[in-house]
Every structure is written in C-alpha cells, then in structure tokens.
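Residue numbers start at 1 and run along the sequence shown.
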Amino acid sequence: MEILNITLIVLLVLTSIFLTLLILMHKGKGGGMSDMFGGGMSSSLGSSGVAERNLNRFTTLMAIIWGACIILLGLITRFNA
C-alpha cells in the first residue's frame with residue numbers, strides 16, 4: 001500500500017507541474033487578467049486552431065489525472081487510518 005501511496009504522490013506532483021505549464025501556455029481570450037499583462041491584442045477571438053484544440057484536450061486530460069490522484073490519495077488516507 002505504501003508503494004501505491006508514493007506513486008500517487010509522485011504522479012500528483014508531476015501532473016501539478018504539467019497542468020500549471022499547460023494553463024500558462026493557453027492564449028488569453030481578453031477581458032480579464034490577461035489584458036493587464038499584454039494579452040489583449042488577440043486578433044481571432046472565436047477561432048481555435050488544431051494546436052489550441054490539442055492543447056485544450058491535453059490540459060483536460062492532465063486535469064482529470066490530477067483530480068483522480070487527489071481522490072485516490074484521499075480514499076487511501078481515509079481507509080488506511
């Protein structure tokens with residue numbers, strides 16, 4: 001059980017780092033904090049290219065894995081104690 005716990009913690013740390021980087025890679029859509037940092041100059045607000053769609057899919061996948069790690073670690077902690 002300890003190996004599963006360590007594996008989930010390592011996976012949680014890695015997905016947290018990747019999720020942060022993936023979120024920062026998204027381009028700003030305007031009207032928020034991104035305008036304050038110079039992201040308000042986007043010319044195609046509605047269109048999304050193939051790279052942007054793939055980035056969205058990969059970000060969603062990382063978020064699902066991150067959430068599953070959190071839930072599994074919580075269940076292990078709950079039923080192990």
Undergrad: Is there a path of hydrophobic side-chain contacts, each under 4.5 Å between heavy atoms, that joins Leu61 and Trp66?
TA: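 Cluster IDs for Leu61 and Trp66 match.
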Undergrad: Is there a continuous path of hydrophobic side-chain contacts, each under 4.5 Å between heavy atoms, that joins Met62 to Leu14?
TA: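 No, Met62 and Leu14 fall in different hydrophobic clusters.
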Undergrad: To the nearest 0.5 Å, what is the distance between CG (Leu21) and OG1 (Thr59)?
TA: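 Separation between the atoms: 10.5 Å.
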Undergrad: From Ile76 CD1 over to Leu8 CG, what is the distance, rounded to the nearest 0.5 angstrom?
TA: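 Rounded to the nearest 0.5 Å, the CD1-CG separation comes out at 5.0 Å.
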Undergrad: Rounded to the nearest 0.5 Å, what separation is found between the CD1 atom of Ile64 and the SG atom of Cys69?
TA: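 Going from CD1 on Ile64 over to SG on Cys69, the span is 12.0 Å.
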Undergrad: Under 4.5 Å between any side-chain heavy atoms of Arg57 and Thr60, yes or no?
TA: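 Not in contact.
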Undergrad: Tell me whether the count of non-hydrogen atoms from other residues, nucleotides or ligands lying under 6.0 Å of CG in Leu75 goes above 12.
TA: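 Enclosed.
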Undergrad: Report yes or no: do Val10 and Val13 belong to one cluster of Ile/Leu/Val/Met/Phe/Trp/Tyr joined by side chain heavy-atom distances under 4.5 Å?
TA: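 Cluster IDs for Val10 and Val13 differ.
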Undergrad: Look up atom CG in Leu55 and atom CD1 in Ile23, then write down how far apart they are to the nearest 0.5 Å.
TA: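 The CG atom of Leu55 sits 10.0 Å away from the CD1 atom of Ile23.
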Undergrad: I'd like to know if Leu4 and Ile70 are part of one continuous hydrophobic network [Ile/Leu/Val/Met/Phe/Trp/Tyr, side-chain heavy atoms within less than 4.5 Å].
TA: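 In one cluster: yes.
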Undergrad: Under a 4.5 Å side-chain heavy-atom rule over Ile, Leu, Val, Met, Phe, Trp and Tyr, are Ile3 and Leu73 clustered together?
TA: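 Ile3 does not cluster with Leu73.
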Undergrad: Nearest 0.5 angstrom please: Ile17 CD1 to Leu22 CG, how far?
TA: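 Result: 12.0 Å between the selected atoms.
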Undergrad: Just how far is it from atom CZ of Phe18 to atom CG of Leu11, taken to the nearest 0.5 Å?
TA: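 Going from the CZ atom of Phe18 to the CG atom of Leu11 covers 10.0 Å.
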Undergrad: Strictly by side-chain hydrogen bond (donor to acceptor under 3.5 Å, both in side chains), give each pair with a member in residues 71-81 just once, sequence neighbours left out.
TA: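 Passing the test, one end in residues 71-81: no pairs.
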